[in-house]
Amino acid sequence: MLAFTIRRTFQSVVVLLVVGLVAFSMFRFVGDPVDNMLGQERTGADIERLRTQLGLDQPFPVQYFKFLRGAVQGNFGVSYRQGRAVSGIIAERLPATLELAAVSAILAVVFGFGLGVFTAIRRDGWAANTIMTLSLVGVSLPTFLIGILLIYLFSVELNWLPSFGRGDVVDLGWWRTGLLTESGLKALILPAITLGLYQMTLIMRLVRSEMLEVLRQDYIRFARARGLKERVVHFRHALKNTLIPVITVTGLQLGSIIAFAIITETVFQWPGVGLLFINSIQFVDIPIMAAYLMLISVMFVGINLVVDLLYFAIDPRLHVGSSGVKG
Amino acid sequence: MLKSLLNGALALTLLGTAASAETFRWASKTDPQTMDPHAVNSAPVLGFLNNVYEGLVRRGKTMAIEGALAERWEAIGGDGWRFFLRKGVTFQDGAAFTAEDVLFSYQRASSEAADTASWFAPVSEVKIVDEFTIDFLTKAPNPIFPDSIANFMIMDKGWAEANSAVLPSKDEGNYATLNANGTGAFKLVERQPGLKTVLEPFENWWGKPEHNITRAEFTPIQNPATAVAALISGDVDMINPVPIQDAERLQQRGGVTVIQGIEARVIMLGMPHKAEMLKYTADAGKPNPFLDVRVRQAVAHAVNVEAILAKTMRGAAAPASQLVSPAMRGYSPSLEARPAYDLAKAKSLLADAGYADGFTFGLKCPNDRYLNDEAVCQAVVSMLAQIGLKAELDAMPVRNYWTELRADNYDMYLLGWSPGTFDAEHPIRFLAATPNKEKKLGSWNFGDFSNGRIDELLPMIQSEIDDGKRQEMLNESAKILQDEVAYVPLYVQPLVWGTGKNIALTQRPDNFLILRWVTVN
């Protein structure tokens, strides 16, 4: 177990270094930040001076090395657009994204599992069929379209919910939360549904098909033959065994909830890191882009690690030959 | 935890009471990147800070110059300008406003670290005469100097020194990046970059308020569809811009007013005047046809501006014949006619130039800089195809665009120009003068247009005190630029704002929202 964790952590570091390198080498094609930082009456000399100040005149390996050296110390430099430390800006924006992602994930998991199990057990009922049909919508419609449709319906036409933003937030000192105010909760509903819908339908369809698969197996038949209650058969014996693939996918989906929050955040002007990233691309704010990409890759790598460790907890087979079975 | 909950509840009640007053919430695409009036010379920053800081002079509803922190001013012969400052003005932190602050702000705004230094290029010295009189001496007579410093905002010397913000900082930021202390009608009460910026009226402002706002909240909303939805649902009171294609639909909808106007920005086509060869398509490497004035004239005659305005801009823009719009000082009314849309003439001009069969070339275009810029370029491509000029369009985000133009990677390009001084001299200096790094001339003249007479006229225009003579020289310049087809001006970009029905405000051609003219009913 320990060896496994160490090996996995080492692999993760390599992945992060590669991500950093790829991301950094791509920034040169994103555009020139200097043009955005200076007004139209700038001169060539102004451009050169600012470029030197920002260290953009240095060769690529030097820039990358400097970035790494800072990043290891938790220093991602100063945002070109805001003139403030990137770490501070990200820390300011992260709560919004994490709250949105957490609520969406909870919605996705709770409804995904619930509906998945329901549609698997009541395979031929009209309710299950309706849910299955509707779930196609969730899988096939792109996120931004769902967001705009929801805004149109609930904000513009019905005027029930705010069309953008995060509402009022309460500052807890180290965390600004929108979960404690009425307007904050109202503002959370539409983006959370938008962001979680795809994941919810995905989890639901996965749970359903895995569950159907398991329900066909012999041991379920035996369990029924022994006269166990349907509830026990479904939840104790069947559901538990559908969990392994579902947890893998769900775990990875949690990572993408945070990463794909970009689109939802743009549609709802949700003040999280995704929106920050989109704005920083437009402005060629390289320090912010670099920090964001590193953050997201750390998250993905971390989630993968946790998912792998969860396998151990859930699947007893992996314990048996623990050193050789899983690599 | 309990305490923070209580705090939250308290904050809620406070917000509840504030909302009942006249709160004005507006949204725009770009967040002002700094609260420092000297750090970035861009419309979002200057427009926003015009509500907080004030200059010696300011622009009124029709863009005319009027006194702000200076009550009046006069020319000191041809040596410069003397400003008589308003007495009894205080900054928002309570400090008194004097000539010392003007001198300090001049030094700050004209420093190398500032982005506004070009405004002060003509200035040789600034001298305090007494506590409320200050002289701006210029190297040569400068008739438009007061006009050119309408956005030069005055900062308190003591405040800047106490907060170590004596110089603006573009790359690292300082106290003045996030805080503000002006003399304007509104003070900054909350600043969350990229999220929300809140202003409240400054109770000791020297002027008489024309507004009834008690709180103004600005939120940047980048996605146009979100902004429109926010306006319709009443979550914001004003948005800028309204996407042109949505303007009509919004107008018909109850509860929303669309305000259309003409901006100061002229959209034009630029061509290489010096490059020897074409750089793109199959004809790359062949001699540059745009060196021939007849080819440039043919382009001007082949573009059907009326059609672009009707289809792509939905009737919101006005055709342009010069590098400035009719609203600018120094516009030449006698030269208001555009080259007529005339395909036969364009073809015969091309034939005369030896290009009866046309040629192919590359057109560079931004796709996120001007309103519908890429669509306009596509229209231009199809119009030029009618006279046998086959353009290959390459549209890109503006963050890549200027780099390409600076590297001369184009055969034709689209450019918009908004004169910072609102005067016809401005585009001559930046777009038409022969590029010269030392003299800081022609820095946006990517095509290297060069005309001896223009270069001769420019310094004369800059220093001519007599308005009549100055206008004659501006007319002559405009005539040369038209005859030589230095650029093909297309149209003046429209301004389209949307407001709630209960909002009354003034739309100024510089696209600044001036809060002291806003009333919430």
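Letters A, B, ... are given to chains in the order of the sequence lines, protein chains preceding strands, and every chain is numbered from 1.
The part of B:R253 that comes within reach of chain A is its side chain, from C-beta onward, which places non-hydrogen atoms under 4.5 angstrom from that chain. A:F283 touches chain B through its side chain: at least one heavy atom from C-beta onward sits under 4.5 Å away, while N, CA, C and O do not. B:P397 does not touch chain A: none of its heavy atoms, backbone or side chain, sits under 4.5 Å away. For B:I221, the parts lying near chain A are the backbone and the side chain together; criterion is any non-hydrogen pair under 4.5 Å. Interface remark: A:V34 contributes no atoms to any contact with chain B (heavy atom separation under 4.5 Å). When heavy atoms are compared at a cutoff of 4.5 Å, A:I151 approaches chain B solely by way of its side chain, counted from C-beta outward. Contacts between A:L158 and chain B at a heavy-atom distance below 4.5 Å are absent for every atom of the residue. For a residue to count as touching a neighbouring chain, one of its non-hydrogen atoms must lie under 4.5 Å from one of that chain's; by this rule B:D31 touches chain A with backbone and side chain alike. Of the atoms belonging to B:D235, heavy atoms from both backbone and side chain fall under 4.5 Å from chain A. Using a 4.5 Å cut-off between heavy atoms, A:E157 touches chain B through its side chain atoms alone. For A:R49, the part lying under 4.5 angstrom from a heavy atom of chain B is the side chain only. In this structure, chain A has heavy atoms under 4.5 Å from both the backbone and the side chain of B:W402. Residue contact with chain B, scored on non-hydrogen atoms closer than 4.5 Å, is absent for A:T177. Contacts between B:R429 and chain A at a heavy-atom distance below 4.5 Å are absent for every atom of the residue. Neither the backbone nor the side chain of B:T34 comes within less than 4.5 Å of any heavy atom of chain A. Both the backbone and the side chain of B:A229 come within contact range of chain A, with heavy atoms under 4.5 Å apart.
Ranked by non-hydrogen atom pairs under 4.5 Å with chain A, the options B:K437, B:M396, B:Q192 are led by B:Q192. Heavy-atom pairs under 4.5 Å with chain B peak, among A:D32, A:T43, A:D35, at A:D35. Each of A:D46, A:N279, A:V284 has some count of heavy-atom pairs under 4.5 Å with chain B, and the biggest count is that of A:N279. Counting heavy-atom pairs under 4.5 Å between each of B:P193, B:S118, B:S443 and chain A puts B:P193 at the top.
Here A:M37 contributes atom CE and B:K170 contributes atom NZ; the two are 8.0 Å apart, rounded to the nearest 0.5 Å. For the atom pair CG (A:L275) and CG (B:L195), the distance works out to 8.0 Å, reported to the nearest 0.5 Å. One finds the CH2 atom of A:W160 at 14.5 Å from the OG atom of B:S233 (value rounded to the nearest 0.5 Å).
In this structure the side chain of B:N223 never reaches within 4.5 angstrom of the side chain of A:F144, judged on heavy atoms. Counting heavy atoms from C-beta outward, A:I278 and B:Q222 have side chains that stay 4.5 Å or more apart. A heavy-atom distance below 4.5 Å is not found between the side chains of A:E41 and B:K440. For the pair A:Q53 and B:E172, the minimum side-chain heavy-atom distance is 4.5 Å or more.
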Handout entry: Steps toward side chain to side chain contact (heavy atoms under 4.5 Å, CB included) verdict (B:L178, A:Q82)
Key = CA-CA 9 Å; B:L178 291 171; A:Q82 299 190 11; over 6 Å; no
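Environment of CZ in B:F512: crowded, with over 12 heavy atoms of neighbouring residues, nucleotides or ligands closer than 6.0 Å. Within a 6.0 Å radius of CZ in A:F60, more than 12 heavy atoms belonging to other residues, nucleotides or ligands are found.
At least one donor-acceptor pair closer than 3.5 Å links the side chain of B:T226 to the backbone N or O of A:V267. A donor-acceptor pair under 3.5 Å links the side-chain atoms of A:Q269 to the main chain of B:P220, judged by distance alone. No donor-acceptor pair closer than 3.5 Å links the side chain of A:R42 to the backbone N or O of B:D115.
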